[in-house]
Amino acid sequence: MGQLRLLLQVAFRNLFTSKINILIGGIIFFGTLLVVVGGALLDSMDSAMSRSIIGSVAGHVQVYSDESKDELSLYGGMSGEPDLAVVDDFSRIKPVLEKHPNVKTVVPMGTSGALITSGNTVDLTLARLRDLYKKRQTEGESPALRESIDSVKGHVRQMVSLMEEQRAKSRELLTAAAQDPVEVESLARARTDAFWNAFEEDPFGSLEFLENRIAPQLPDGDLLDLRYVGTDLDAFQKSFDRMEVVDGQAVPAGKRGMLMSKFFYENFLKLKSALRLDNIKQERDVNQKRIDADPTLQRWVKENQTQTREILFQLDPVKTRQAVERLQKVLGSQEPSLEKLLSEFFTTTDDNFDTRYQQFYAELAPLLDLYRLRMGDSLTITAFTRTGYVQSINVKVYGTYQFKGLEKSFMAGAINLMDLMTFRDLYGYLSPERKAEITELQKGSGLKELDRGSAEEALFGEDSGNTLVADATPGLIEESTVFEGGLGALAREDLVARVYSQQEIEQGEALSAAVILKDPEQLDQTMAELRESTQAAGLKLRVVSWQQAAGIIGQFVLMAKLVLYFAVFIIFVVALVIINNAMMMATLQRVREVGTMRAIGAQRSFVLSMVLIETVLLGAVFGLGGALVGSGIMSALGSAGIPAGNEALYFFFSGPRLYPTLSAGNLIAAFVIVLLVSAISTLYPAFLATRVSPLQAMQTDE
């Protein structure tokens, strides 16, 4: 005990007297600081990324068929959609999973994607005109309906005039050979008074001409990659508490419908001029960028100045006149051309941007359709089914939604939600009712199943009674009777209006199921127990964590963690080498002191203990200082937050800012690691010190 007290007195005496000790202490101080801050940031980012993936679509655990060829990848993989086997009946696996005491809810789902068009401006307007004529056909003409028809017709006629003006400008750049004579002729015909005077005699024929010959000449529609998750929408909203409906309304329970991601809706279906204004405002307000210093903002301003066609084509003659009057008033100009007024209006600088932004939404936006798709409209989705044929479904868009904190995240915002029944139809699943319909059809038509081996003989053999070529025989198939009660019933049924029971929704196919846990800390144990319980129930299922289910995103998260851990490891290695070298220098400087101590009777063990205790004391004092400063830095970052500089970081920060936290575990781990590194790096110098003899000490120069 007395020896230990003596060693501590020596250690404290040398703590600040040696420059080498100050150097080593400084290294330990910064090493501890980096470990505390780096470890806390690493844990905070890991936690944030986990919250984003778990809260947006994955849940804590995903379950899918063990017969799947590929691994589940909720965000898509490098080679497209994974090839997953279908879980035939979700209602069979749900009670098995929910039986576990740590399982809160189980949500069926399936992911897929399709290409859709955002809509051509002329096509959309012609569709409105067609709807009006159909309404007149069924309800008769009224003064209000006549006024609406004339207004839209005037709008279409103005579009044709604008297209002719643009074609005239293009003639200056293109040779006559580069112009399609059919398009030129069609446009010329659509501009004549004769065409419009005869419009009412055959409105649907005239519309067909405009749709087929004129609308394709304005290719302003975008082809969009629509990614969607088919799920029990009611259960999804109750299970994923970060989800909130922004516009419109939630899809009524049991009905077919779609909730579009707010991010997708804003970025791909909003008027591009308005979107660019929104983006400029966000960059100025959030990221403090200036138009005169940022090339991207300057490009957006230039695009708004020159790309005004979408606005010009949206406005009918009345709204065009109103827009001209409003812009003349705002700009103090007498310019009659709307195109020139728009170009001047969108000439925004840092000085006038905020004013122009407000004027756009106050004066111009009320005259425009800001979005290609409105709440309540039907969206036609055409997708490839599992077996490879094309299926088209009209699905009503009830509203938009977002995950709180992930509003600006592309990865979370790329997911649109669809009811499970529509998803099954698009994916080519046969629900029990459709299987029954097909069975009835087979019975009614006299069809029978043939195996591949005997199909040719049965169809074209001598005994088949069939001929390879036959004339159509009118009346051979009486569709009115053959299909009675079969597809006829299905066709008559209004699927949009139908309300499905919870049993109908759950008694069907799903690609996977998201499992929400009561206690996420027991993730690994719960997964192991779920595997056992599903196997015991005879269900061939794979049970994977959210990180595995996230696919390429989960792999990226894992890779990011490995990179950060490797960076921390490098810091330790560098610290160890520096401390080791510093201790070597300190030992060499103390040869005479050590030799003298050996001469007066100090044992090798005393010398070894002296060096080690000095180093440990250095590590404790300077490490504590580094930990305290690191705690202060983390406290400041935790209060202010680290801003997400781009949309990708929104997902990894689980919001616009990362608010890192420091746990006791971070401090203890950093402190222990630094002390261990200090002690290990001192072992060799301490061993050398024990080998110093009094004779060596006396032979050593000062």
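Just so you know, residue 1 is the first one in the sequence shown, and it goes up from there. Keep in mind the model is a prediction, meaning the values are calculated, not measured.
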*Asks:* Ring pair (Phe, Tyr, Trp, His ring centres under 6.0 Å) with Phe236: which residues, sequence neighbours excluded?
*Replies:*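 Testing Phe236 for ring pair (Phe, Tyr, Trp, His ring centres under 6.0 Å), a comparison that skips the adjacent residues, returns Phe240.
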*Asks:* For Leu224 and Leu269: C-alpha separation, side-chain torsions, deciding distance, then whether side chain to side chain contact (heavy atoms under 4.5 Å, CB included) applies.
*Replies:* CA-CA 9 Å; Leu224 306 176; Leu269 293 172; 3.8 Å; yes
*Asks:* Checking the side chain of Asp83 only, and the main-chain atoms of Asp70 only, is there a donor and an acceptor separated by less than 3.5 Å?
*Replies:*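 Pair absent, no side-chain N/O of Asp83 close to backbone of Asp70.
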*Asks:* Could you work out, with side-chain hydrogen bond (donor to acceptor under 3.5 Å, both in side chains) as the rule, every residue matching Thr355, not counting sequence neighbours?
*Replies:*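 Checked Thr355 against side-chain hydrogen bond (donor to acceptor under 3.5 Å, both in side chains); zero matches.
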*Asks:* Which pair of heavy atoms, one from Leu511 and one from Tyr64, lies closest together, and at what distance?
*Replies:*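 Between these two residues, the closest heavy atoms are O-CB, 3.4 Å.
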*Asks:* Can you find a pair of side-chain heavy atoms, one from Leu523 and one from Trp546, that are under 4.5 Å apart?
*Replies:*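 Counting from C-beta outward, Leu523 and Trp546 do come under 4.5 Å.
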*Asks:* Around atom CZ of Arg299, are there more than 12 heavy atoms of other residues, nucleotides or ligands at under 6.0 Å?
*Replies:*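 Count over threshold, so yes.
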*Asks:* Any donor and acceptor pair, going by atom type alone, linking the side chain of Ser68 with main-chain N or O of Ala85 inside 3.5 Å?
*Replies:*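 Yes: the side chain of Ser68 pairs with the backbone of Ala85.
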*Asks:* Going by heavy atoms in the side chains, are Leu370 and Tyr361 under 4.5 Å from each other?
*Replies:*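 Sidechains of Tyr361 and Leu370: in contact.
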*Asks:* Please identify each residue that fulfils side-chain hydrogen bond (donor to acceptor under 3.5 Å, both in side chains) with Ser273, with sequence neighbours left out.
*Replies:*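 Ser273 satisfies side-chain hydrogen bond (donor to acceptor under 3.5 Å, both in side chains) with no other residue.
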*Asks:* Check ring pair (Phe, Tyr, Trp, His ring centres under 6.0 Å) between Tyr659 and all other residues, then give those that pass, not counting sequence neighbours.
*Replies:*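 In terms of ring pair (Phe, Tyr, Trp, His ring centres under 6.0 Å), with neighbours along the sequence ignored, Tyr659 is linked to no residue.
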*Asks:* For atom OH of Tyr357, decide whether the heavy atoms of other residues, nucleotides or ligands shown that lie under 6.0 angstrom number more than 12.
*Replies:*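 Buried by this count: over 12 neighbours within 6.0 Å.
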*Asks:* In Å and rounded to the nearest 0.5 Å, what is the OH to CG distance from Tyr133 to Leu145?
*Replies:*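 One gets 9.5 Å once the value is rounded to the nearest 0.5 Å.
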*Asks:* Angle between ring planes, Phe346 versus Phe360, binned at 30° and 60°: parallel, tilted or perpendicular?
*Replies:*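 The arrangement is tilted - the two ring planes meet at 30° to 60°.
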*Asks:* Is the backbone of Ile54 close enough, under 3.5 Å, to the side chain of His60 for a donor and an acceptor to pair up by distance?
*Replies:*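 No; zero donor-acceptor contacts below 3.5 Å.
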*Asks:* Who passes ring pair (Phe, Tyr, Trp, His ring centres under 6.0 Å) against Phe268, sequence neighbours left out?
*Replies:*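 Partners of Phe268 under the ring pair (Phe, Tyr, Trp, His ring centres under 6.0 Å) test: Phe264.
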*Asks:* Are any non-hydrogen side-chain atoms of Leu426 and Met418 less than 4.5 angstrom apart?
*Replies:*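 They are in contact (side-chain heavy atoms under 4.5 Å apart), so the answer is yes.
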*Asks:* What are the two closest non-hydrogen atoms of Gln507 and Asp89, and how far apart are they?
*Replies:*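 The answer is CA-OD1, 3.5 Å.
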*Asks:* Are side-chain heavy atoms of Val103 and Leu530 found at a separation under 4.5 Å?
*Replies:*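 Yes, close enough: below the 4.5 Å cut-off.
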*Asks:* Taking side chain to side chain contact (heavy atoms under 4.5 Å, CB included) as the test, write out the residues that go with Asn102, two or more places apart.
*Replies:*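 Here the qualifying residues are His100, Leu517, Lys518, Asp519, Gln522, Thr526.
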*Asks:* In chain order, what residues pass the side chain to side chain contact (heavy atoms under 4.5 Å, CB included) check against Ser151, with sequence neighbours excluded?
*Replies:*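 Ser151: side chain to side chain contact (heavy atoms under 4.5 Å, CB included) contacts with Asp316.
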*Asks:* Nearest 0.5 Å please: distance from the CG atom of Asp46 over to the CG atom of Leu41.
*Replies:*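 One finds 12.5 Å between CG of Asp46 and CG of Leu41.
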*Asks:* Just so I know, are the side chains of Asp232 and Gln502 near enough to count as touching, which here means a heavy-atom distance under 4.5 Å?
*Replies:*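 Yes, close enough: below the 4.5 Å cut-off.
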*Asks:* Out of the candidates Ile93, Asp66, Leu97, only one should pair with Leu539 under the side-chain contact (heavy atoms from CB on, under 4.5 Å) rule; please name it.
*Replies:*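 Only match with Leu539 under side-chain contact (heavy atoms from CB on, under 4.5 Å): Ile93.
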*Asks:* Please find the pair of heavy atoms, one from Ala549 and one from Gln62, that lie closest to each other, and give the distance.
*Replies:*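 Scanning both residues, the minimum pair turns out to be CB-CG, 3.5 Å.
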*Asks:* Report all side-chain donor-acceptor pairs from residues 407-415 shorter than 3.5 Å, counting only partners two or more places apart or in another chain.
*Replies:*
{"unit_1": "Glu407", "atom_1": "OE1", "unit_2": "Gly405", "atom_2": "N", "d": "3.2"}
{"unit_1": "Glu407", "atom_1": "OE2", "unit_2": "Gly405", "atom_2": "N", "d": "3.1"}
{"unit_1": "Lys408", "atom_1": "NZ", "unit_2": "Gln282", "atom_2": "OE1", "d": "2.9"}
{"unit_1": "Ser409", "atom_1": "OG", "unit_2": "Met411", "atom_2": "N", "d": "3.4"}
{"unit_1": "Ser409", "atom_1": "OG", "unit_2": "Ala412", "atom_2": "N", "d": "3.2"}

*Asks:* Mind checking the CD-CZ spacing from Glu71 to Arg542? Nearest 0.5 Å is all I need.
*Replies:*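 Going from the CD atom of Glu71 to the CZ atom of Arg542 covers 5.0 Å.
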*Asks:* Under the salt bridge (charged side-chain N to carboxylate O under 4.0 Å, His left out) test, which residues partner Glu363, sequence neighbours left out?
*Replies:*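 In terms of salt bridge (charged side-chain N to carboxylate O under 4.0 Å, His left out), with neighbours along the sequence ignored, Glu363 is linked to no residue.
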*Asks:* Show your working on side chain to side chain contact (heavy atoms under 4.5 Å, CB included) between Leu233 and Thr231 and close with a plain yes or no.
*Replies:* CA-CA 5 Å; Leu233 292 170; Thr231 183; 3.9 Å; yes
*Asks:* Where do Asp425 and Arg256 land on the salt bridge (Lys or Arg N to Asp or Glu O under 4.0 Å) test, with the steps shown first?
*Replies:* CA-CA 11 Å; Asp425 288 345; Arg256 288 171 178 257; 2.9 Å; yes
*Asks:* Look up atom CD1 in Ile381 and atom OG in Ser112, then write down how far apart they are to the nearest 0.5 Å.
*Replies:*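 One finds 10.0 Å between CD1 of Ile381 and OG of Ser112.
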*Asks:* Just to verify, what does Asp234 make a side-chain hydrogen bond (donor to acceptor under 3.5 Å, both in side chains) with, not counting sequence neighbours?
*Replies:*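 Partners of Asp234 under the side-chain hydrogen bond (donor to acceptor under 3.5 Å, both in side chains) test: Lys238.
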*Asks:* Does the side chain to side chain contact (heavy atoms under 4.5 Å, CB included) test come out yes or no for Arg227 and Thr111, once each step is laid out?
*Replies:* CA-CA 8 Å; Arg227 186 165 181 76; Thr111 57; 3.8 Å; yes
*Asks:* So if I apply the side chain to side chain donor-acceptor pair (under 3.5 Å) rule between Lys262 and each of Asn267, Thr400, Asp247, which one comes out positive?
*Replies:*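 Of Asn267, Thr400, Asp247, side chain to side chain donor-acceptor pair (under 3.5 Å) with Lys262 is met by Asp247 alone.
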*Asks:* Passes side chain to side chain contact (heavy atoms under 4.5 Å, CB included), Ser545 versus Gln548? Steps please.
*Replies:* CA-CA 5 Å; Ser545 69; Gln548 292 172 281; 3.4 Å; yes
*Asks:* Are side-chain heavy atoms of Leu658 and Leu637 found at a separation under 4.5 Å?
*Replies:*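 Of all side-chain heavy-atom pairs linking Leu637 with Leu658, none is under 4.5 Å.
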*Asks:* Not counting sequence neighbours, list each pair that qualifies as a salt bridge (Lys or Arg N to Asp or Glu O under 4.0 Å) and has a residue in residues 274-285.
*Replies:*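 Every pair satisfying salt bridge (Lys or Arg N to Asp or Glu O under 4.0 Å) with a residue in residues 274-285: Lys270-Asp278, Arg276-Glu303, Lys281-Asp285, Glu283-Lys289, Arg284-Asp350, Arg284-Asp354.
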*Asks:* Find the distance between CG (Leu72) and OG (Ser65) and round it off to the nearest 0.5 Å.
*Replies:*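 The distance works out to 11.5 Å.
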*Asks:* Kindly give the heavy-atom pair with the smallest separation between Arg424 and Gly508, and that separation in Å.
*Replies:*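 For Arg424 versus Gly508, the nearest heavy atoms are NH2-C, 3.3 Å.
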*Asks:* Search all heavy atoms of Ala323 against all heavy atoms of Leu315 and return the closest pair with its distance.
*Replies:*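 What the structure gives for the nearest pair is CB-CD1, 3.9 Å.
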*Asks:* If we only count heavy atoms from C-beta on, is the Arg242 to Arg51 side-chain gap below 4.5 Å?
*Replies:*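 Contact flag for Arg242/Arg51 side chains = yes.
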*Asks:* Could you tell me which non-hydrogen atom of Ser239 sits nearest to which non-hydrogen atom of Val107, and how far apart they are?
*Replies:*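 For Ser239 versus Val107, the nearest heavy atoms are OG-CG2, 3.3 Å.
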*Asks:* Quick one, Val122 and Val156 - any side-chain contact, counting heavy atoms below 4.5 Å?
*Replies:*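 No, their side chains stay 4.5 Å or more apart.
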*Asks:* Determine the sole option in Val246, Leu406, Asn416 for which the side-chain contact (heavy atoms from CB on, under 4.5 Å) test with Ser261 is passed.
*Replies:*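 The residue from Val246, Leu406, Asn416 that satisfies side-chain contact (heavy atoms from CB on, under 4.5 Å) with Ser261 turns out to be Asn416.
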*Asks:* Ring pair (Phe, Tyr, Trp, His ring centres under 6.0 Å) with Phe403: which residues, sequence neighbours excluded?
*Replies:*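 Counting only residues at least two positions away or on another chain, Phe403 forms a ring pair (Phe, Tyr, Trp, His ring centres under 6.0 Å) with Tyr401.
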*Asks:* In Å, rounded to the nearest 0.5 Å, how long is the span from CG of Asp377 to CG of Leu379?
*Replies:*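 These two atoms lie 9.0 Å from each other.
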*Asks:* Taking side-chain contact (heavy atoms from CB on, under 4.5 Å) as the criterion, tell me which of Asp369, Leu368, Leu271 meets it with Glu310.
*Replies:*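 The side-chain contact (heavy atoms from CB on, under 4.5 Å) with Glu310 is passed solely by Leu271 among Asp369, Leu368, Leu271.
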